[in-house]
Amino acid sequence: MSEAGSSIALVDVNNFYVSSERAFDPSLEGRPLVVLSNNDGCVITRSPEAKALGITMGTPWFRIAGQAQQWGLEVRSSNYELYGDLSARVMELLGRYTGNLEIYSIDEAFLTLPGPLRAQRVTGAEIRAVVRRNVGLPVCVGIASTKTLAKLANRWAKGNPEFDGVCHWDLVPEDNRRSLLQRLAVSDIWGIGAKNAQSLNALGIDSAWDLAAADPVAIRKRFSVVLMRTVLELQGTSCITGRESTGNEQVLYSRSFAAPVSTRHAMHQALSVYAQGAASRLARKDLQGRVLTAFAATSPFSSGRKSSPTVCVPLPAYTADPLELTRAADTLLPLIEEGVPYIRAGVIVTDLRPAGAQAMLLPPASATRKDTGPLLHDVGRRFGRSAIGLGHAGLKAGSEWTMKRDMLSPHYTTKWSELPVVKAR
DNA sequence: GAGAGGTAG
DNA sequence: GATTCTACCTCTC
């Protein structure tokens, strides 16, 4: 898939959420800092200093909260408004360096870089400097002939300061590459998770070097095409394509509750809020959906009876109307048992189409209320998310189940009232 | 086509 | 006492 004379670069922000917090609060520099998942549930990003304390990814916050003060550990709730905005700024910059930008996640992207290998490395270094200067975030760049190797090079650059944040795999001496591959466990290769790593180990394939030496056809027979592609990529044959659709296949809005919900009444409120969350996400992406799935679930960690009621219902037409979505989500309610402690619920909208196609294909869901969605969206934007909503979604105060975000930093870049103030003298 | 399983960030 | 969320792909039935 890569054209002759071009390579693939993977640009990835170092500890993205932590770096975003530090970009606006330099006092966090050099200190142990973690950012928590939604609902302040568990650790999802750590500064190097926090890693040094032995805090692992996914650690539940309650398990380390008691020691935080003694460690001098700083903690923040995740501030997706801030991270999303910084991400967009980074991606815009990256787009200036390539004709082919594939945004892979909020903090990383693949770029096709043309030209001779050394020129590619120079471009990588420039990207790093420009993102640092313009957005204030540190990135590392890995460059290679395939995505899997670019990932690997990126990881190598991150761990070794002598690379200065940029590693071009094809410019590294062969001996060094071999020794890296021999030291890298298969589970650390992009695309190989715990399950496959275990099965590979059982066959005596322990390192990336071993896997690169494996026969792709044999791997395909015993495992899958996915794993075969990884082998080919390690061997230098590019075969992992970008995601086909640039738009989403589905929109999923789900949250864990701050406290378990065990009444149909509270579940009704939550579903209503989540359906409207899904509706505004659809509106932002200018999409409409035709099928809605609603679900609730009890804790997979508790010893009690587990239950995860689900409904999947067709919508009356392609729509992003919060009223329609809310009504559809409510069909889950009869399956909700009073007294059962649900800890999570969500709404998924699938079978998506661009909203623009609507007029040609089907009449709008309902002519009289087709403007409800944009109206709610607009009012919510201007006066705050809790200013307006349907039914119980217009709650000013959070009820017992709403998300915990006790340690939130300001929305430095997305709310006028929270802009950082710079004092000059 | 739906659901399960796997993987990732 | 307390344990994220979103999205994709492939395989199987």
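Lettering of chains follows the sequences in order, A, B, ..., and the numbering in each one begins at 1.
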Problem set entry | Distance, rounded to the nearest Å, where A:Phe16 contributes CZ and B:dA8 contributes C1' | 16 Å
For this session: By nearest nucleotide on DNA chain C, pick out whichever of A:Ser37 and A:Arg220 is the more 5' one.
Result: A:Ser37
Problem set entry | Set of residues satisfying ring-ring contact (aromatic ring centres under 6.0 Å, His included) with respect to A:Tyr97, sequence neighbours excluded | none
Exercise. Between C:dT4, B:dT7, C:dT6, which nucleotide gets closest to the side-chain atoms of A:Leu252?
Worked result: C:dT6
Exercise. Do A:Ser105 and A:Asp107 have side-chain N/O donor and acceptor atoms under 3.5 Å apart?
Worked result: yes
For this session: Find which nucleotide of DNA chain C each of A:Ile44 and A:Phe223 is nearest to by heavy atoms, and output the residue with the more 5' nucleotide.
Result: A:Ile44
Exercise. Below 6.0 angstrom between ring centroids: does that apply to A:Tyr274 and A:Phe295?
Worked result: no
Exercise. For the side chain of A:Ser224, counting heavy atoms from C-beta on, which of B:dA8, C:dT6, C:dC11 is nearest?
Worked result: C:dC11
Exercise. Is A:Arg281 near enough to C:dT6 that one of its side-chain N or O atoms lies under 4.0 angstrom from OP1 or OP2?
Worked result: yes
For this session: Measure from the side-chain heavy atoms of A:Asn196 and tell me the nearest of C:dT3, C:dT10, B:dG6.
Result: B:dG6
Exercise. Given C:dC5, C:dT10, B:dA8, which nucleotide is nearest the side-chain atoms of A:Val226?
Worked result: C:dT10
For this session: Have a look at A:Ala194 and say if it touches a base, only the backbone sugar-phosphate, or nothing, with a 4.0 Å heavy-atom cut-off.
Result: sugar-phosphate
Exercise. Does the ring centre of A:Phe110 sit less than 6.0 Å away from the ring centre of A:Trp190?
Worked result: yes
